[in-house]
Amino acid sequence: MTATATFEKDRRDRGGPTRPVRHGSMSRDRKRALFWSYFFLILFVIFFLTPPIYMFITSLKSSTEIAGATNPWWVFDPTLANYEALLTSSEFLTFILNSAMVSVLVVSITMVVSVMAAFALSRMRFWGSATLATGIFLCYLIPETLLFIPLFKMFAVVNEFTGIQLLNKWYVLVLVYPTLTVPFCTWIMIGYFASIPKELDEAALIDGATYLQTLTKIFIPVALPGIIAATIFAFTVSWAQFLYPLAFTTSSDQLVLPVGIVTTLIKGDVYNWGQIMTGALIAAAPPLVIYAFLMDYYIAGLTAGATKG
Amino acid sequence: MVDTATKSGAYAGAARPRSSLKRLMQRKSTIAFLLTLPLILIIASLVIYPAFYAVHLATLSKSMTKFVGFGNFTFLFKREVFWMVVQQSCIFAISAVVFKALIGFFVAHFIHAIPTKGQRKWRGMLLVPWVIPPAMSTLAWFWLFDPSYSAINWLLALFGIDPVPFLGNPYWARFSVILVNVWFGAPFFMIMYLAALKSVPEQLYEAAAIDGANWWQRLWYITLPMMRNIISITVMFSLIVTFANFDIVRVLTAGGPIDKTHVFATYAFLLGIQGGDIPLGAAVSLFMVPILGISAIFILRDVTKRGNEA
């Protein structure tokens, strides 16, 4: 141990300043930078969190308090009447049920389809596999606003020729949502699968495992974080989707939550804002809860598209 | 040399294993095909086919019995509202993306500047707008902008500012839809930039500090070049999503007042689904294709470049 090191150690033991004094101005700069960072972060947090907080504030108000035009940012007479009204209304419960059924089915279909496809595309090079992978990515970039009109007409034509009623049925959404979720989920699963060392599955194949076994026994367990991220992505997309249900479903017993709230709670010019905000908050709750508990997976799924490639 | 000769001889001699190997290869490609088949079916029948079907639909008359060629397009070109939609879509998409990119960039820097321990908490709070279904959060904005009970105007009144007609005046309405879009999309930029910032090696900054680079120089010569790829991917991706936006405009203004806030998607919905003129609606939505195509080419180029770098 050299002399300076011993000195340094002694000084630390005595609780003295470990940082040389000549950096004083630099640390003052750092402190100022820190102050401004926190200052602006607080400003942006206020901007970003105002709408959800305001939703919550309004959801606790009675219609008389809202009509009274008192301080909108404060609840003088908190009540759970809005929650009670919505959660006992059979119409609203139907929306929740429809949303839940659609999302669960879409997530299941998406994960099966995209895990299988990603496995084939990342490990079995076959004719056209590279083109297919690029094509899948391009499909992710096609927005739903381009496809809803031809799809609407297609479903009408299908009904004409086969008699299968698709429009105005909640299950039509189970049919179309995978077009929004499958491309991206496949894309990020290819990234996760490609990061698994080849030796792992080659060893399994040599030991006589079938392709199905390598997929279920090696790929799925090892790429579990990716699968969770993709599942969250598929769920949030199918839960939040607004255009397709608005275009394809109209009867109130076939609506999903976001469209149900927008079309049935807003009646003409009479807005029952307490109930609308309560409904919006209930519809926002599942993604928010998932996000709160699985934030890292959520963010991994979000950034995977560009950073994994 | 001898070794290889014997080996190749051994392979040549073993004709039977080779043919079974061939069969295995065949089986492998069959399996691969079967595994990708559901994906191909979904994409082909519900993405590729409708995309071409839209082109076909756009050439039909309103009753969809007669072929009218470019009739729907020339009809649109003659309507003033259509040009207003084109203009508003461009204003909406470009200004919203620029502000999202700037806010995202600065917020990412602020988060990166604070101690690592607290970053998670701030990042968690700042991503909330992106997590809430946009149609639902837009309802909250709608209520914040409400003409008679606006909570924002209530705050402005405290400072003696006159109430702002957020959704009643065409120009304020345009401002409002952009504001809500920026609010919704900026967190996505923030999270992408933060991921990019974290991937810049710390040594580069240390070396720059030794060379006496100031804050601007570090930003200009290190941070921006290192993040360039992610910035361009995110901007292009956001341009597509914003250009094709539907939820926010539909819920907040439904295109009004006097059609000033319509974008392609809401206008196509109005004509095609609500107005029942499917060919005209399809024609409107097809106008999104050129800008989407250009953005997609850029994204694809950058993503494959990233793939090669890694």
Side-chain angles (χ1 to χ4, degrees), chain A residues 33-34 37-38 40-41 44-45 48-49 51-52 54-55 58 69 72-73 113 116-117 119-121 124 126 132 138-139 141-143 145-147 149-154 176 178-179 182 186 211 239-240 242-243 247 258 262 273 276-277 280 283-284 287-288 291 295 299 302-303 306-307 309, chain B residues 28-29 31-32 35-36 38-39 42-43 46-47 50-51 53-54 57 107 110 113-114 122 124-126 128-129 131-137 139-141 143-144 149 151 154 187 191-192 195 230 233-234 240-241 244 246-247 251 265 268-269 272-273 278 281-282 285 288 296 299 303 306-307:
Chain A
L34 258 185
S37 295
Y38 280 118
F40 283 110
L41 281 178
F44 278 110
V45 164
F48 283 171
L49 292 188
Y54 193 55
M55 264 186 203
T58 312
W73 299 99
V113 170
M116 283 185 346
F119 176 63
L121 287 171
M124 310 169 164
F126 55 94
L132 189 60
L138 280 180
C139 282
L141 298 178
I142 299 177
T145 39
L146 200 63
L147 301 177
I149 289 177
L151 283 172
F152 183 86
K153 180 64 189 156
M154 266 171 67
V176 291
T179 60
V182 165
T186 308
Y211 283 111
W239 186 267
F242 184 68
L243 171 61
V262 170
W273 278 111
I276 295 172
M277 288 296 103
L288 279 174
Y291 169 66
M295 188 163 86
I299 290 172
L302 214 55
T303 49
T307 50
Chain B
K28 183 178 163 183
S29 68
I31 293 170
L35 286 175
T36 46
L39 173 94
I42 289 176
I43 303 265
L46 294 168
V47 178
Y53 192 44
L57 282 175
V107 175
F110 294 139
I114 66 173
W122 288 97
M125 285 193 285
L126 288 164
V128 165
V131 180
I132 302 174
M136 298 297 96
S137 49
L139 275 177
W141 279 105
W143 174 222
L144 279 164
Y149 297 104
W154 188 87
I191 216 76
M192 295 296 276
I230 286 211
I233 291 175
T234 316
I240 289 182
V241 175
F246 175 81
D247 304 11
V251 174
F269 188 87
I273 306 290
I278 289 179
S285 62
M288 287 191 282
I299 295 179
V303 166
R306 269 196 86 74

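Throughout, protein chains are lettered first and strands after them, A, B, ... in sequence-line order, and every chain is numbered starting at 1.
Residues A:Ile149 and B:Gly272 share a closest heavy-atom pair of CD1-CA, 4.2 Å. Heavy-atom minimum distance, B:Gly124 versus A:Met295: CA-SD, 3.5 Å. Nearest approach of B:Ile43 to A:Cys139, heavy atoms of both residues: CG2-SG, 3.3 Å. Between B:Pro133 and A:Ala284 the shortest heavy-atom distance is CD-CA, 3.8 Å. Of all the heavy atoms in A:Met55 and B:Met136, the pair that sits closest is CE-O, 3.3 Å. Across B:Ala265 and A:Thr145, no two heavy atoms sit closer than the pair CB-CG2, 3.2 Å.
Options A:Leu34, A:Leu288, A:Leu146, A:Val182 differ in how many heavy-atom pairs under 4.5 Å they form with chain B, and the most are formed by A:Leu146. Counting heavy-atom pairs closer than 4.5 Å to chain B, the top-ranked of the candidates A:Pro258, A:Ala33, A:Ala117 is A:Ala117. Taking chain A as the reference chain and counting heavy-atom pairs below 4.5 Å, the highest number among B:Phe246, B:Phe269, B:Trp154, B:Trp143 is found for B:Trp143.
In this structure, the side chains of B:Trp122 and A:Val45 come closer than 4.5 Å at one or more pairs of heavy atoms. At least one side-chain heavy atom of A:Pro52 sits less than 4.5 Å from a side-chain heavy atom of B:Val128.
Of the two parts of B:Ile240, only the side chain, counted from C-beta on, holds a non-hydrogen atom closer than 4.5 Å to a non-hydrogen atom of chain A. For A:Leu138, the part sitting under 4.5 Å from any heavy atom of chain B is the side chain, from C-beta outward, and nothing else. A:Ile299 touches chain B through its side chain: at least one heavy atom from C-beta onward sits under 4.5 Å away, while N, CA, C and O do not. At a 4.5 Å heavy-atom cutoff, the contact between A:Met154 and chain B is made by backbone and side-chain atoms alike. Within the 4.5 angstrom heavy-atom criterion, atoms from both the backbone and the side chain of A:Leu141 approach chain B. For a residue to count as touching a neighbouring chain, one of its non-hydrogen atoms must lie under 4.5 Å from one of that chain's; by this rule B:Ile191 touches chain A with backbone and side chain alike. Both the backbone and the side chain of A:Ala247 have a heavy atom closer than 4.5 Å to some heavy atom of chain B.
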inquiry  = As a quick check of understanding, evaluate side-chain contact (heavy atoms from CB on, under 4.5 Å) for A:Phe44 and B:Leu126, giving each step before the final call.
reply    = CA-CA 8 Å; A:Phe44 278 110; B:Leu126 288 164; 4.0 Å; yes
key: Residue pair A:Phe242, B:Val251: steps toward the side-chain contact (heavy atoms from CB on, under 4.5 Å) verdict   = CA-CA 10 Å; A:Phe242 184 68; B:Val251 174; 3.8 Å; yes
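Here the side chain of A:Tyr38 pairs no donor or acceptor atom with the backbone of B:Phe110 at under 3.5 angstrom. Between the side chain of A:Trp73 and the backbone N or O of B:Ala151 there is at least one donor-acceptor pair closer than 3.5 Å. Judged by distance alone, the side chain of A:Thr179 and the main-chain N or O of B:Val47 form no donor-acceptor pair under 3.5 Å.
To the nearest 0.5 Å, the span separating CE on A:Met116 from OG1 on B:Thr36 amounts to 8.5 Å. The CZ atom of A:Phe48 lies 12.0 Å from the CD1 atom of B:Ile132; values are rounded to the nearest 0.5 Å. Atom CG of B:Leu39 is separated from atom CG of A:Leu121 by 7.0 Å, given to the nearest 0.5 angstrom. Within the model, atoms OH of A:Tyr54 and CG of B:Leu144 stand 6.0 Å from one another, a figure rounded to the nearest 0.5 Å. Rounding to the nearest 0.5 angstrom, the gap separating the CD1 atom in B:Ile114 from the OG atom in A:Ser37 is 7.5 Å. Atom CE of B:Met125 and atom CG of A:Leu49 lie 7.0 Å apart (nearest 0.5 Å).
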